[in-house]
Amino acid sequence: MLSKIKIGNFKSIEKLELKLAPLTIFVGPNASGKSNILESIAILAQTAGLERSITRSLEGSLGYGAFIQYPISRDFPLFDFIAHKKDWSKFITFEIHVTDAEYHDIGYMYAFMPKDKEVRQAVFANDEKLIEVGYLRTGESSWRREFLYPEEFKKSLQSTDHTEYMLDPTCFDYGLKQGITERDQFEKISSEAREIVKKIETAARDVYFISAIRGEVRPFVETGVGEPELGTHGEGLIEILSLIFGQREHEKIAGKIIKWASRFGMEEIKAGWRGRNILSSDYIDPELQTHLNMALASQGSRQILTIITQLFWSKPGSIIMIEEPEISLHIEAQLELPKMFSEAIKEGKQVIVTTHSEHLILALKPLIVNGELKTEDVAIWHFEKTEEGTKAERLKLTDKGIVEGWIPSYVEAEGKIIKEWFDTLPED
């Protein structure tokens, strides 16, 4: 599970540190920076298992390449999109921490300065920096790799390779400088750092992001080549559902999907082969008692089906990030969301969502009162944007499942509505 994230000089964020829980909820006004947190996590996840610099990771994460519509060249001002206040002279920093059985807490930091193309990477164990390495500019077109921490490493060792690549454990390999013979203490720390990076890289491979732009379902799809993926927008939904419903080993997952789909108006959902290389999915409309193709489901139903599928198709230990799960859902349906998240958490998954729904927050109360969720299982962060950038405050959740003092931006908006309502009342 992700336990903490630190971000610096990324988009609207100058500096931010957030502690996370099994269910973490981000609330606040539009454009306050909530989705930037999800995006920073996705950047590291996009890199997992690959040799990638930050530019290549940004091109892939959350569809930057698709958004720009042409390959990002060295001269393209990509960092105007992501550097805080377009300042290329400061390090853009991503740091994530993961709970670990051996160390309790392990962490990894990647920092990149657009102006000089400098890179710094560091590893942490139990909130203490273990090692740091840098790829530093030495001239107009020259760089050097060197250890920056601990001091003894800086004096004695030289970095060997891959210092500019994200989540690559070999960046902490070393060579002894001339005249240095002591090796044991260096090897111990270097080996420890490599193992920590491998653990974090493994955790990052099981990070999934569901965008607010989702829910498009075609009546029929052709079977693809290779391992199917649900995708950021749910583009692989029918393939994944067909795989789940087509194999007995996934029977339990299929049952969970059927259960939760029925809660959102799609009864007896099925998916599978329709002849030749065609796949499709259908369900029973509960009021009409008619079989309908999934493409005919309501917008809200199609959008939530992507979320349901990702939540229960993901294996334990996965991190599922969802933008605005309440989109197109009636209030009654929004109240089901925390119940569904709670079930996923009990399966050992972590859920991180952004939301504008007060009903989603209110629906936490019965779960906490009934003991289905503990207060420590939930972290609610309120975001706002100031002249300096995005700020976040963790809201206190009482043992009755109530947000103490309620949500600041909601209080402000509701106060305006009440005032305007009173102003329209007749004076007598």
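- Side-chain N/O atoms of Ser12 and Asn36 include a donor and acceptor closer than 3.5 Å.
- Side chain of Trp260 to main chain of Glu336: no donor-acceptor pair is present (N/O by atom type, distance under 3.5 Å, no hydrogens or angles).
- Listed by chain and residue number, Glu102, Tyr103, Ile106, Lys199 satisfy the side-chain contact (heavy atoms from CB on, under 4.5 Å) test with Asp100 (two or more places apart in sequence, or in another chain).
- Although no hydrogens or angles enter the test, the distance criterion places a donor-acceptor pair under 3.5 Å between the side chain of Tyr108 and the main chain of Leu167.
- A distance-only check finds a donor-acceptor pair linking the side chain of His233 to the backbone of Ile213 [under 3.5 Å].
- Salt-bridge check for Glu201 with Arg205: passed, with a basic side-chain N closer than 4.0 Å to an acidic carboxylate O.
- Taking all atoms of both residues into account, the shortest heavy-atom contact from Ala204 to Ala45 is O-CB, 3.4 Å.
- Within the 3.5 Å criterion, the main-chain N or O of Phe186 finds no donor-acceptor partner in the side chain of Ser190.
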Fill in: Chi angles and distances behind the side chain to side chain contact (heavy atoms under 4.5 Å, CB included) call for Ile407, Glu358
CA-CA 9 Å; Ile407 299 167; Glu358 62 182 335; 5.6 Å; no

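- A distance of 12.0 Å separates OG1 in Thr232 from OH in Tyr208, rounded to the nearest 0.5 Å.
- Thr306 and Thr309 are not linked by any side-chain donor-acceptor pair at a separation below 3.5 angstrom, with hydrogens and angles left out of the test.
- For the atom pair CZ (Arg218) and CG (Leu279), the distance works out to 10.0 Å, reported to the nearest 0.5 Å.
- Within a 6.0 Å sphere centred on CD of Glu332, other residues, nucleotides and ligands contribute 12 heavy atoms or fewer.
- A salt bridge is defined here as a Lys NZ or Arg NE, NH1 or NH2 lying under 4.0 Å from an Asp or Glu carboxylate O, and Asp173 with Arg194 meets this definition.
- Across all their heavy atoms, Leu364 and Pro338 have their closest contact at CD2-CB, 4.0 Å.
- Side-chain atoms of Thr99 do not come within 3.5 Å of backbone N or O of Asp105 as any donor-acceptor pair.
- The nearest pair of heavy atoms linking Gly265 to Tyr283 is O-CE1, 3.9 Å.
- Using modelled atom types, no side-chain atom of Arg214 and backbone atom of Gly234 make a donor-acceptor pair closer than 3.5 Å.
- Partners of Phe124 under the ring pair (Phe, Tyr, Trp, His ring centres under 6.0 Å) rule, at least two apart in sequence or in another chain, are His97.
- Crowding of Leu296 atom CG: a count of heavy atoms from other residues, nucleotides or ligands under 6.0 Å exceeding 12.
- A pairwise comparison of heavy atoms in Ile269 and Ala261 identifies CG2-CB, 4.0 Å as the closest pair.
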Please tabulate, for the side chains in residues 311-322, all donor-acceptor contacts under 3.5 angstrom to protein atoms that are two or more places apart in sequence or on a different chain.
| unit_1 | atom_1 | unit_2 | atom_2 | d |
| --- | --- | --- | --- | --- |
| Ser314 | OG | Gln310 | O | 2.5 |
| Ser314 | OG | Gln310 | NE2 | 2.9 |
| Ser318 | OG | Lys315 | N | 3.4 |
| Ser318 | OG | Lys315 | O | 2.6 |

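- Note that the NE2 atom of His382 and the OG atom of Ser409 stand 3.0 Å from one another [nearest 0.5 Å].
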Practice prompt. Mind running salt bridge (Lys or Arg N to Asp or Glu O under 4.0 Å) on Lys346 and Glu343 for me, showing each step along the way?
Written response: CA-CA 5 Å; Lys346 288 173 184 174; Glu343 186 164 325; over 6 Å; no

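- Residues Pro219 and Ala295 approach most closely at N-CB, 3.8 Å, considering heavy atoms.
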Discussion item. Working note: Phe91 + Phe112, criterion ring-ring contact (aromatic ring centres under 6.0 Å, His included); need CA distance, chi angles, decisive distance, verdict.
Written reply: CA-CA 5 Å; Phe91 278 97; Phe112 177 81; 8.2 Å; no

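- With no hydrogens or angles considered, no side-chain donor-acceptor pair links Glu267 and Ser262 at under 3.5 Å.
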Worksheet item: Do Thr93 and Asn9 pass the side-chain hydrogen bond (donor to acceptor under 3.5 Å, both in side chains) test, and can you show the C-alpha distance, the side-chain angles, and the key distance before you say yes or no?
Response: CA-CA 7 Å; Thr93 305; Asn9 296 308; 5.7 Å; no

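- More than 12 heavy-atom neighbours from other residues, nucleotides or ligands sit within 6.0 angstrom of CD on Gln299.
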Item to complete: Using the side chain to side chain contact (heavy atoms under 4.5 Å, CB included) rule, take Ile361 and Ile380 through it: C-alpha gap first, then chi angles, then the decisive distance, then the call.
Response: CA-CA 9 Å; Ile361 307 296; Ile380 303 174; 4.2 Å; yes

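- Counting all heavy atoms, side chain and backbone alike, Gln121 lies closest to Thr163 at NE2-O, 2.7 Å.
- Under the 4.0 Å criterion applied to side-chain N and carboxylate O atoms, Glu323 and Lys34 are not assigned as salt-bridge partners.
- Proximity of a side-chain donor or acceptor of Glu95 to a complementary backbone N or O of Tyr110 within less than 3.5 Å is not detected.
- Taking the six-membered ring for Trp and thresholds of 30 and 60 degrees, Trp406 and Tyr410 have ring planes more than 60 degrees apart, a perpendicular arrangement.
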Worksheet item: Can Glu324 and Thr354 be said to form a side-chain hydrogen bond (donor to acceptor under 3.5 Å, both in side chains), step by step?
Response: CA-CA 5 Å; Glu324 300 175 34; Thr354 68; 4.8 Å; no

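- In this structure Lys400 satisfies the side-chain contact (heavy atoms from CB on, under 4.5 Å) test together with Thr398, Ile402, sequence neighbours excluded.
- With rounding to the nearest 0.5 Å, the separation of CG in Leu136 from CD in Glu146 is 5.0 Å.
- Around atom CD of Glu128, no more than 12 heavy atoms belonging to other residues, nucleotides or ligands sit under 6.0 Å away.
- Asn370 places a side-chain N or O within 3.5 Å of a backbone atom of Pro366 that can act as its donor or acceptor partner.
- With respect to Glu384 and Lys391, no salt bridge is recorded, no charged nitrogen being found less than 4.0 Å from a carboxylate O.
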Discussion item. If you apply the rule salt bridge (Lys or Arg N to Asp or Glu O under 4.0 Å), what do you find for Lys154 with Glu151, and how did you get there?
Written reply: CA-CA 5 Å; Lys154 187 173 182 179; Glu151 189 64 30; 5.1 Å; no

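- Using modelled atom types, one finds a donor on one side chain and an acceptor on the other under 3.5 Å when comparing Glu326 with Thr355.
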Discussion item. Applying salt bridge (Lys or Arg N to Asp or Glu O under 4.0 Å) to Glu39 and Lys11, what does each step give before you reach the verdict?
Written reply: CA-CA 10 Å; Glu39 188 167 349; Lys11 300 184 85 170; 3.1 Å; yes

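- The local environment of NZ in Lys259 is crowded, with over 12 non-hydrogen atoms from other residues, nucleotides or ligands closer than 6.0 Å.
- Residues forming a side-chain contact (heavy atoms from CB on, under 4.5 Å) with Glu195 (at least two apart in sequence, or on another chain): Lys198.
- Between Glu268 atom CD and Asp285 atom CG the span is 12.0 Å, to the nearest 0.5 Å.
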Return all side-chain donor-acceptor pairs below 3.5 angstrom for residues 14-30, not counting sequence neighbours, or 'none' if the list is empty.
| unit_1 | atom_1 | unit_2 | atom_2 | d |
| --- | --- | --- | --- | --- |
| Thr24 | OG1 | Ala21 | N | 2.9 |
| Thr24 | OG1 | Ala21 | O | 3.1 |
| Asn30 | ND2 | His356 | NE2 | 3.3 |

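- Electrostatic pairing of Lys4 and Asp127 counts as a salt bridge here, judged by a charged N lying under 4.0 Å from a carboxylate O.
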Discussion item. side-chain hydrogen bond (donor to acceptor under 3.5 Å, both in side chains), that's the test. Do Tyr174 and Glu187 meet it? Break it down for me.
Written reply: CA-CA 9 Å; Tyr174 66 90; Glu187 178 56 33; 3.1 Å; yes

